[in-house]
Amino acid sequence: MKPDLCVIGAGVAGLSVASTAAALGASVVLVEHARMGGALVGGAVAALALRASAEAAEAFRRATPFGIAAAKPRVDWPRVRTHAEHVVGAAAGDLSEARCRALGVRVLRGEPRFVSPLTALLGDHTIQPRRFVLAVGSSPAAPDLPGLADTPFLTPEAVSDLPARPERLIVLGGEPVAVELAQALRRLGSEVAVAAPGRILERFDPELVAALAAALRREGVDIREIAPARGVSGGPDGVRVELQTGEVLTGSHLLVAAGRRVVTEGLDLDKAGVEADASGILVDRRLRTANKRVFAIGDCAGGPHAGDRCAHVAAHHAAVVIRNALFRWPARVETRALPLAVRTSPALATVGLSEAQALETRRAVRILRWPYAESDRARAERLTEGEIKVITDKSGVILGASIVGARADELITTWTLAVKKGLSVADLRDLVVPYPTFSEIGQRAAASFDAPRARSPWLRRAVALLRRLG
C-alpha cells in the first residue's frame with residue numbers, strides 16, 4: 001500500500017488527521033490495535049459523565065438558599081454507571097471505525113513496526129506512504145512505589161466501571177484528573193483523600209489554586225500536599241498508603257492518577273530514524289520527528305514543543321500536521337495561547353503567561369482582578385466564589401489570564417483569543433457583552449485598567465475646563 005498518509009493510532013489526534021485528510025481527497029490508511037477514540041473514550045468522556053452526575057447531586061444539597069426545600073440525594077451508582085455508559089457510547093459512535101470507513105479511510109487492525117525510514121509492516125501488509133503520522137497516545141503511569149505492583153489500584157479510565165461506589169477513595173496525584181475525580185466521587189458520596197507528591201495543579205496560578213483547594217476542603221475532600229507516598233499495601237479490608245510524613249491513609253480503593261507515559265515499544269522507531277526519550281517521541285515546532293517524513297502528534301509527542309497532554313492540544317496538533325503533511329505549509333504549534341482547564345466546581349482555567357512568568361520576562365506588568373461576587377448573574381445563582389486575574393504589560397496588552405469560578409473553563413476562550421491575537425484591555429473593555437452573564441466579570445476586569453487614569457489631576461482639569469465651556 002502506498003497511500004498519501006499512514007496514521008498509526010486512532011485517538012483524538014489520529015482520527016482527526018485521518019478524517020480531515022480523507023475529506024480533502026488524500027488516500028489514508030489508519031492503523032489501530034485497540035479501541036477507536038483512545039483515552040478520550042476510555043477515560044475523559046467517562047470522567048465528564050461522572051462529574052455531571054456529581055453536579056446534579058450537589059444541586060440538591062444547595063437548594064435551600066433558593067427557597068427550595070433541600071433534600072439529601074440518594075446516589076444510585078448503577079444508574080450513574082448507565083449514564084456514563086450512554087455518554088461514552090455516543091462519543092464512541094462519533095469516533096467509530098464505520099464512520100472512518102464511510103469517510104474513505106482504510107482502517108487496519110494490528111500493531112505495525114517500522115523496517116525502514118519509509119516502510120512499515122503490519123501482518124501481510126507492507127505500507128509505504130508519502131508521510132507517516134504517529135498518534136499512538138499514552139497510557140496511565142504508575143509510580144515506582146514499594147508494594148504498588150502487588151496492590152490492586154484504579155486508573156482514571158476505570159473509575160466509572162466500578163460495580164459499586166467506593167466507600168473511601170485514596171487518590172495519589174495532584175494533576176487535573178486527580179482533582180476532578182476526587183471532587184466528583186466526594187459529591188457522589190465517597191470519602192476521599194488526595195495525597196500529592198508536590199503542590200496540586202502546579203501548572204496553574206498558586207493563588208487561584210489555593211482558592212480551589214479551600215473550596216474542595218469545605219466539601220470534605222482531604223487534600224494532603226507535599227505528601228509523597230512511601231509505600232502501599234493491600235488486603236481484604238482495603239488499601240493502606242504510608243506517606244513520607246509518617247501518616248497512614250486507609251481506604252477501600254486506591255486511584256493512581258500520577259500522569260501518563262508514552263509506549264513506543266514494538267514500533268521499532270530506531271529503524272525509522274525517529275528519536276524518543278522519557279517525554280515521548282521528539283518533535284520540532286512543526287511536529288516533525290528526526291525523520292522529516294514522520295510526524296508525531298497528541299499524547300505521544302514529546303520534547304519542548306509538544307505541549308500538554310489533553311484533547312484540545314491533540315486536535316490542534318492534527319490541524320498543524322494537515323497543513324504540513326498535505327499542503328507543505330510550514331505551520332507551527334501554538335505555544336503562547338494554549339488554554340488549560342480543571343473542570344471542578346469552582347472551575348479553574350488559565351492561558352498565556354502567569355504572574356510569575358510575566359515578572360521574569362518584563363520590567364513592568366499590571367495585574368487586573370475582578371471578583372465574581374460583584375456579578376449579578378453570580379449572585380442570582382449563588383456562585384459568587386472566585387475571581388478573574390488578568391496579566392498585561394504596562395500599555396495594556398494582554399499577556400495572560402487565569403480564572404477560578406463558575407464556567408471558568410468556558411470563559412477562558414475569550415482570553416485565549418485575546419492572547420493569541422495580541423489584543424489589549426481596550427478591546428475587551430469596549431466589547432458589548434449580554435447582561436446578565438458571567439462574561440461581564442472579564443469585561444469589568446479589563447475596564448479596571450483605566451481606573452488609575454480616572455484619578456489623574458490632568459484628566460480632572462480637562463473635565464473641569466470642558467464643564468466651564470458648556
Side-chain angles (χ1 to χ4, degrees), residues 39 42-44 46-47 49-51 53-54 57-58 61 72-85 139-201 213 215-261 344:
L50 281 182
R51 291 196 298 271
S53 294
E58 188 66 11
R61 301 185 186 98
K72 183 178 180 180
R74 184 180 69 84
V75 176
D76 185 338
W77 183 260
R79 296 189 70 176
V80 170
R81 284 188 58 191
T82 298
H83 167 65
E85 290 167 0
S139 59
D144 185 12
L145 191 60
L148 185 61
D150 301 318
T151 303
F153 64 88
L154 302 168
T155 63
E157 289 86 344
V159 174
S160 63
D161 293 331
L162 286 172
R165 181 189 64 195
E167 289 301 317
R168 177 169 173 78
L169 180 69
I170 302 173
V171 182
L172 295 185
E175 295 299 304
V177 68
V179 177
E180 291 168 354
L181 287 173
Q183 184 183 47
L185 268 294
R186 176 58 189 153
R187 288 183 165 187
L188 289 172
S190 301
E191 293 183 36
V192 180
V194 177
R199 297 291 181 187
I200 64 169
L201 306 174
L216 295 179
R217 288 187 173 109
R218 285 195 295 272
E219 290 190 16
V221 179
D222 180 8
I223 299 177
R224 313 289 184 95
E225 296 184 284
I226 316 178
R230 179 185 296 168
V232 174
S233 59
D237 297 328
V239 293
R240 183 177 184 274
V241 178
E242 183 180 357
L243 305 180
Q244 289 190 5
T245 60
E247 297 175 279
V248 175
L249 302 177
T250 59
S252 60
H253 294 75
L254 175 65
L255 168 63
V256 177
R260 303 184 69 83
R261 66 186 185 93
T344 46

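What you see below is based on every heavy atom in this structure, not just the backbone, and it leaves out hydrogens, waters and symmetry mates.
In this structure, Pro156 and Leu255 approach most closely via the heavy-atom pair N-CD1, 3.6 Å. Residues Gly231 and Leu145 share a closest heavy-atom pair of N-CD1, 4.0 Å. Contact detail for Ala258 and Pro143: the closest heavy-atom pair is CB-CD, 4.2 Å. What you find for Ala229 and Val241 is that their closest heavy atoms are CB-CG1, 3.9 Å. Nearest heavy atom pair, residue Val171 against residue Ala182, reads CG2-CB, 4.5 Å. When all heavy atoms of Val256 and Phe153 are compared, the pair lying nearest together is CG2-CD1, 3.5 Å.
A heavy-atom distance below 4.5 Å is not found between the side chains of Ser160 and Arg81. Proximity of Leu162 to Leu154: side-chain heavy atoms (C-beta onward) are separated by under 4.5 Å at one or more points.
Between atom CG of residue Asp237 and atom OG of residue Ser252 there is a gap of 11.0 Å, rounded to the nearest 0.5 Å. Asp76 contributes atom CG, which lies 10.5 Å from atom CZ of Arg165 (distance to the nearest 0.5 angstrom). Going from atom CG of Leu148 over to atom CG of Leu254 covers 6.5 Å, rounded to the nearest 0.5 Å. Glu58 CD to Arg61 CZ: the interatomic distance, rounded to the nearest 0.5 Å, is 5.0 Å. Here CG of Asp222 is found 8.0 Å from CZ of Arg217. Values are rounded to the nearest 0.5 Å. Between the CZ atom in Arg230 and the OG1 atom in Thr245 there is a gap of 7.5 Å [rounded to 0.5 Å].
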Solution key, residues 188-200 side-chain donor-acceptor pairs under 3.5 Å, sequence neighbours excluded:
residue: Ser190; atom: OG; partner: Pro166; partner atom: O; Å: 2.5
residue: Glu191; atom: OE1; partner: Arg168; partner atom: NH1; Å: 3.4

